[in-house]
Number of protein chains: 2
Amino acid sequence: MPASSIRARVRAEMIDEIKAVARRHLATDGANLSLRAVARDMGMVSSAIYRYVPSRDDLLTALILEAYDGLGDAVEAADGSTERHDLRGRWHAVCRAARDWAITHPAEYALLYGSPVPGYAAPEDTVLPAQRPPLTLVGILRDGLADGLLTVPADDLPEPVHADLAELADAFFPGLPTALLARGMAGWTQLFGLISFELFGRLNQTIAHRDGYFDHQVGLMADLIGLPRPE
Amino acid sequence: MPASSIRARVRAEMIDEIKAVARRHLATDGANLSLRAVARDMGMVSSAIYRYVPSRDDLLTALILEAYDGLGDAVEAADGSTERHDLRGRWHAVCRAARDWAITHPAEYALLYGSPVPGYAAPEDTVLPAQRPPLTLVGILRDGLADGLLTVPADDLPEPVHADLAELADAFFPGLPTALLARGMAGWTQLFGLISFELFGRLNQTIAHRDGYFDHQVGLMADLIGLPRPE
DNA sequence: CAAAATAGAGAGCACTGCTCTTGACGAATG
DNA sequence: CATTCGTCAAGAGCAGTGCTCTCTATTTTG
């Protein structure tokens, strides 16, 4: 039935255009984006938007999902195109990819990692895409350990924390020592902090050379983790 | 003229109550707080609020300023009540104080460190209060260096970044080596990341023992900086 | 071709920030 | 003491928001 599929195709294109316009509005208006404004931009009346999008929150959720996917793709691509044994190179590549994505998509980054909207609860489908960047980072440590390129730091974790991390390791990286996982999460936390500080203006009038500062800070975390320096 | 001052006092009390009600609303409604709702809670009509508060953004700015002051007070108090030579103890105390304040004031924390509202530009008076926590942290390093308790790490900063940090050091901590300042800022970035991840739900279903996890991560950064461990 | 599904338009409800006008009250002054 | 004057609160109103409902026109389907 090509008749039905032409309808469906037009409909899908409409939804895509709504998302594109919404993304554009996001850049200027932030999280408080207006369906009416999107409708105006498309030459529609506001109520017609609801034929394609169930609600404003659903539209935001769709944008969030696509943003997570975009960030995850960028991060994993950067990791994949670096030589596996070059742990430090991979670490830097992944961090830079995340930062580059954030700088080119500041509104989406704020949507993902800014303050959560009080009423809004993240749907179940966002939790897995959200884990791709940290999983990529820790994956570098797993590979390094498997290839004998990493020394496992002493495990001085208090017992309950050790148990939490052991459970987390079992779920994603079976056999990964908790002390290493803890350092990987420290690196992920730092990466988020670095990007957020830069994007949210905390470095204004302070750090002019953002690229070099970022690389240096990322390198500090690589030191903390124990990623071997190239000769 | 006591007549005029009784007017002024009642007026000040009104403004204080408006702020208090607004703070309460903040906890449930987040940054999109409604002046009309505040007015309703006070038994006023919405337009009457504008006798005391110029606009919604001004009210938010006032709350932000008070929040920065509260956090700064908590952080500096924790630092001041720890023995000066116990660098690691001070580091942990300051970080814990910041986290405790954030946990007891989650909405205010989100206001300070969440995604910035697109239209809203932070007024000039917020920049100094905002620097109190990082200055307190780096102050620990300055003291440790002055007392000969810290070894200065090798300075492998690229020249432009070194210049940025040198200028920053000159402004607040004359003579502080840039390599140390960079590590201090790494610690501050990590502290922000740790608190944000915990408050914004990124640790849900992952880390159950938040206190121990936080302390361990803070300790990792103390290691990176080179704060001496107690015997 | 008739019936059913769909798209768009318009009106309307409850809410928001904010402005302007009007009436009332208290305080300072002639 | 009586009269201005400044302040306060209230109400109406404007432009905007998310969202729902109804009505009409068009398109797809049986």
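These numbers come from the heavy atoms of this one structure, side chains and all, not from hydrogens, waters or symmetry mates.
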> After noting the C-alpha distance and the side-chain angles of A:Tyr109 and A:Ser196, does the key distance pass the side chain to side chain donor-acceptor pair (under 3.5 Å) rule?
Replying inline: CA-CA 9 Å; A:Tyr109 179 86; A:Ser196 297; 2.9 Å; yes
> Tell me: CD1 of A:Ile15 to P of C:dA7, nearest whole Å?
Replying inline: 9 Å
> When only distance counts, do a donor and an acceptor, one from the side chain of B:Arg36 and one from the base of C:dG17, lie under 3.5 Å apart?
Replying inline: yes
> In whole Å, what is the span from the OH atom of A:Tyr50 to the P atom of D:dC23?
Replying inline: 21 Å
>> From C-beta outward on A:Ala48, which listed nucleotide comes closest to its side chain: C:dG8, C:dT19, D:dG11?
In response: C:dG8
> Is there a donor on the side chain of A:Arg56 or the base of D:dG18 sitting less than 3.5 Å from an acceptor on the other?
Replying inline: no
>> Without decimals, in angstroms, what is the distance between B:Tyr52 OH and C:dC18 C1'?
In response: 18 Å
> With a non-hydrogen cut-off below 4.0 angstrom, is B:Ile49 in contact with a base, only sugar-phosphate, or nothing?
Replying inline: nothing
> At their closest point, which heavy atom of B:Leu112 faces which heavy atom of B:Trp101, and how far apart are they?
Replying inline: CD1-CH2, 4.0 Å
>> Rounding to an integer number of Å, can you tell me how far A:Glu13 CD sits from C:dT6 C1'?
In response: 17 Å
> Choosing from D:dC19, D:dG16, D:dG11, which nucleotide comes nearest the side chain of A:Arg40?
Replying inline: D:dG16
> Of all the choices, C:dG8, C:dG17, D:dG18, which nucleotide is nearest to the side chain of A:Met44 once you look at every atom?
Replying inline: C:dG8
> Using a cut-off of 4.0 Å on non-hydrogen atoms, how would the nucleic acid contact of A:Ser47 be classed: base, sugar-phosphate, or nothing?
Replying inline: base
> Hey, does the side-chain of A:Arg11 have a donor or acceptor N/O within less than 3.5 Å of a partner on the base of C:dA7?
Replying inline: no
>> Please find the pair of heavy atoms, one from B:Ile49 and one from B:Ala39, that lie closest to each other, and give the distance.
In response: CG1-CB, 3.4 Å
>> In whole Å, I'd like the distance from the NE2 atom of B:His25 to the P atom of C:dG17.
In response: 10 Å
> To the nearest angstrom, how far is B:Leu59 atom CG from C:dG17 atom C1'?
Replying inline: 13 Å
>> Taking B:Asn204's backbone N and O only, do any of them form a donor-acceptor pair with B:Thr206's side chain (distance below 3.5 Å, no angle check)?
In response: yes
> Where the side chain of B:Ser34 is concerned, which of C:dG8, C:dT16, C:dT19 is the nearest nucleotide?
Replying inline: C:dT16
> Given atom CG of A:Asp29 and atom P of D:dG18, what is their separation to the nearest angstrom?
Replying inline: 11 Å
> Base, sugar-phosphate, or nothing for B:Met42, non-hydrogen atoms under 4.0 angstrom?
Replying inline: nothing
> So, the side chain of A:Arg23 versus the backbone of A:Leu63: is there a donor-acceptor pair under 3.5 Å, distance only?
Replying inline: no
> Hey, which of these two, A:Ser46 or B:Leu35, hits DNA chain C nearer its 5' end, going by closest nucleotide?
Replying inline: A:Ser46
> Whole Å only: how far is the CG atom of B:Asn32 from the P atom of C:dC15?
Replying inline: 16 Å
